[in-house]
Novice: 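So that we are looking at the same thing, I have put the structure below in structure tokens.
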Amino acid sequence: METTDVIVVGGGPAGISAAITVARAGLRVILIERGRFSGSKNMFGGAIYTQPTKEIFPNFETEAPLERKNVEHKYAILGKDDSTVVSYRNNNPEASSYTVIRAKFDRWMAEEARKAGVIVVEETVVKELLVENDFVVGVRTELEDISSKLVILADGVNSLLAKQIGLREDMSPQDVALSVKEVIKLDKEKINDRFNIEDGQGCVYQIFGSSMLGKLGLGFLYTNENSVSIGLGITLNELTEHRQTPYELLEELKKHPAIAPLIKGGELLEYSAHLIPEGGYKKVPQLYANGVMIAGDAGMLVNNLHWEGTNLAMISGKLAGETAILAIQKEEYGEELLIRYQEKLEDSFVLKDLKAYRYLMDVAHDRRSSFFDYYFKEINGFFEMFTSVDSIPKRLKYWRFIKHFFTGRNVVELFKDAWGFLRLLWGMIR
């Protein structure tokens with residue numbers, strides 16, 4: 001039986017960050033990836049974030065395969081055929097992000113891990129964890145058993161291995177979203193012109209409404225060097241309730257008057273789908289047990305409001321790796337020491353941010369008809385009123401809008417909406 005210090009399961013950002021952290025401390029680490037190569041099965045919108053990525057790869061901006069540096073963020077509220085778009089330009093280099101193609105970027109990260117001494121084993125499935133005396137002591141692959149002092153699970157949203165040892169339960173359909181994405185080829189010059197950016201600059205759209213009006217879902221659009229990525233994520237219970245497929249919703253979004261001109265004439269290069277944990281802070285499981293820790297999507301570590309996942313994955317992987325180093329130094333592999341990992345996460349932005357939004361999903365599910373439909377329509381209605389010129393006195397228009405706003409929902413529903421908003425605000429500031 002092969003033996004090593006640490007086994008990491010999963011070759012995405014969380015797993016590679018954990019493995020490379022351990023290897024840089026001079027310890028033996030094996031990373032096991034079921035895909036043909038790291039990134040071959042991974043999918044996101046997607047952007048990586050400068051500051052957290054530098055914590056793992058200080059020179060990534062000059063060495064990694066990057067697409068564009070995002071300088072502008074747009075927030076688009078789409079009705080059936082109208083829209084309100086708010087734009088923000090960011091000139092702070094440390095607060096920026098880059099679009100990447102995961103098949104390229106994850107493969108680059110894996111090569112960096114190899115350079116650091118990580119043994120990367122690809123096209124290998126971990127079938128189960130080896131457990132002795134209530135301690136995880138290794139893994140069983142389809143080829144052989146491998147023993148270790150510690151195992152770090154970064155095997156994605158389903159994480160069957162975490163379920164095996166009782167750290168995860170089956171997810172409710174309302175706690176997981178199905179995200180679908182198309183990559184559409186466009187000339188670099190068209191991208192620059194349509195998004196008002198220059199070579200190397202990128203633009204990100206966060207999209208509300210359109211085909212997702214009244215549903216718990218969000219859309220996205222990212223510019224790559226010679227393509228754009230457009231997609232959406234929507235909870236599984238919404239798809240079941242409305243009897244729609246995510247492909248149908250995406251096709252409707254692509255036809256919206258605010259979106260169609262941005263992708264006109266493009267060539268479809270890729271269609272992909274991926275599950276995303278949407279449960280938020282209340283659904284984060286215990287992230288450690290005797291001999292094992294959980295990082296990234298496997299630990300439900302996703303900030304769905306901000307579309308943040310890779311940064312939480314990288315930092316959780318790094319903190320798991322640091323805890324593994326400490327455990328090996330002290331030769332203590334039980335929960336009494338591995339709780340340090342949970343404590344590190346609680347001291348970091350990872351769990352602090354998720355805790356700040358701990359009421360988000362409760363309110364979103366309860367008030368979705370308000371926050372994902374009624375108020376979006378009212379925002380667009382206000383700007384339609386504000387920008388129209390039709391010889392009707394402005395004061396009369398304002399009073400009509402105010403009257404419609406408060407009569408479009410009954411008083412009870414308005415109070416419930418206000419209470420939901422206050423819950424969100426209280427969670428963020430408390």
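Since the structure is predicted, the reported quantities are computational estimates derived from the model, not experimental observations. Start at 1 with the first residue, then count along the sequence.
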Novice: For Glu238, is there an ion pair with Lys215 - N to carboxylate O distance below 4.0 angstrom?
Specialist: no
Novice: Return the OH to CD1 distance between Tyr49 and Ile315, rounded to the nearest 0.5 Å.
Specialist: 13.0 Å
Novice: Sequence neighbours excluded and cut-off under 3.5 Å, please list the side-chain donor-acceptor pairs for residues 144-155, or say none.
Specialist:
| from | atom 1 | to | atom 2 | distance (Å) |
| --- | --- | --- | --- | --- |
| Asp145 | OD1 | Arg140 | NE | 2.8 |
| Asp145 | OD2 | Arg140 | NE | 3.3 |
| Asp145 | OD2 | Arg140 | NH2 | 2.9 |
| Ser147 | OG | Glu2 | O | 3.4 |
| Ser147 | OG | Thr3 | OG1 | 2.9 |
| Ser148 | OG | Leu150 | O | 3.0 |
| Lys149 | NZ | Asp5 | OD1 | 3.1 |
| Asp155 | OD1 | Ser159 | OG | 2.9 |
| Asp155 | OD2 | Ser159 | OG | 3.4 |

Novice: Using a cut-off of 6.0 Å, state whether more than 12 heavy atoms not belonging to Glu384 lie near its atom CD.
Specialist: no
Novice: Looking at residues at least two apart in the chain, or sitting in another chain, which of them share a salt bridge (Lys or Arg N to Asp or Glu O under 4.0 Å) with Glu308?
Specialist: none
Novice: How would you list all residue pairs meeting ring-ring contact (aromatic ring centres under 6.0 Å, His included) that involve residues 287-323, not counting sequence neighbours?
Specialist: Phe220-Trp307, His306-Tyr357
Novice: Taking side chain to side chain contact (heavy atoms under 4.5 Å, CB included) as the test, write out the residues that go with Lys416, two or more places apart.
Specialist: Arg367, Val412, Glu413
Novice: Salt-bridged, Lys54 to Glu61, with N to O below 4.0 Å?
Specialist: yes
Novice: I'd like to check the side chain to side chain contact (heavy atoms under 4.5 Å, CB included) partners of Glu267; sequence neighbours left out, ordered by chain and number.
Specialist: Lys185, Leu269
Novice: Just distance, no hydrogens or angles: give the donor-acceptor pairs under 3.5 Å from side chains in residues 244-252, sequence neighbours left out.
Specialist:
| from | atom 1 | to | atom 2 | distance (Å) |
| --- | --- | --- | --- | --- |
| Thr245 | OG1 | Glu248 | N | 3.1 |
| Glu248 | OE1 | Thr245 | N | 3.1 |
| Glu251 | OE2 | Lys254 | NZ | 2.9 |

Novice: For Ser172, give me all partners under side chain to side chain contact (heavy atoms under 4.5 Å, CB included), at least two apart in sequence or on another chain.
Specialist: Gln174, Asp175
Novice: Can you list everything that forms a salt bridge (Lys or Arg N to Asp or Glu O under 4.0 Å) with Asp170? Sequence neighbours excluded, please.
Specialist: Lys163
Novice: How long is the span from the CG atom in Asn70 to the OG1 atom in Thr223, to the nearest 0.5 Å?
Specialist: 6.0 Å
Novice: Run the salt bridge (Lys or Arg N to Asp or Glu O under 4.0 Å) test against Glu378 and tell me which residues pass, sequence neighbours left out.
Specialist: none
Novice: Within this structure, what is the CD-CG distance for the pair Glu343 and Leu351, rounded to the nearest 0.5 Å?
Specialist: 11.5 Å
Novice: Tell me which pairs pass ring-ring contact (aromatic ring centres under 6.0 Å, His included) where either residue lies in residues 124-157, with sequence neighbours left out.
Specialist: none
Novice: So, taking the atom named CG in Leu236 and the one named CG in Leu216, what distance separates them when rounded to the nearest 0.5 Å?
Specialist: 11.0 Å
Novice: Out of curiosity, Asp417 CG to Asp366 CG, how far, rounded to the nearest 0.5 Å?
Specialist: 9.0 Å
Novice: First locate atom CG of Leu305, then atom CG of Leu218, and finally report the distance between them rounded to the nearest 0.5 Å.
Specialist: 7.5 Å
Novice: Identify, with sequence neighbours excluded, every residue that meets salt bridge (Lys or Arg N to Asp or Glu O under 4.0 Å) alongside Glu55.
Specialist: Lys318
Novice: With sequence neighbours excluded, give me every side chain to side chain donor-acceptor pair (under 3.5 Å) pair touching residues 193-214.
Specialist: Asn192-Asp199
Novice: Is a side-chain donor or acceptor of Thr124 paired with a backbone partner of Glu122 at a separation under 3.5 angstrom?
Specialist: yes
Novice: Any donor-acceptor pair under 3.5 Å linking the side chain of Asn380 with the backbone of Thr84?
Specialist: yes
Novice: Distance under 6.0 Å and angle within 45° of the ring axis: does Arg358 meet both against Tyr281?
Specialist: no
Novice: Could you walk me through whether Lys344 and Glu322 pass the salt bridge (charged side-chain N to carboxylate O under 4.0 Å, His left out) test, one step at a time?
Specialist: CA-CA 10 Å; Lys344 283 174 176 282; Glu322 291 174 352; 3.4 Å; yes
Novice: So, are Glu112 and Arg114 salt-bridged, with charged N and O less than 4.0 Å apart?
Specialist: no
Novice: Would you call Glu225 and Arg68 a salt bridge, taking side-chain N to carboxylate O under 4.0 Å as the test?
Specialist: no
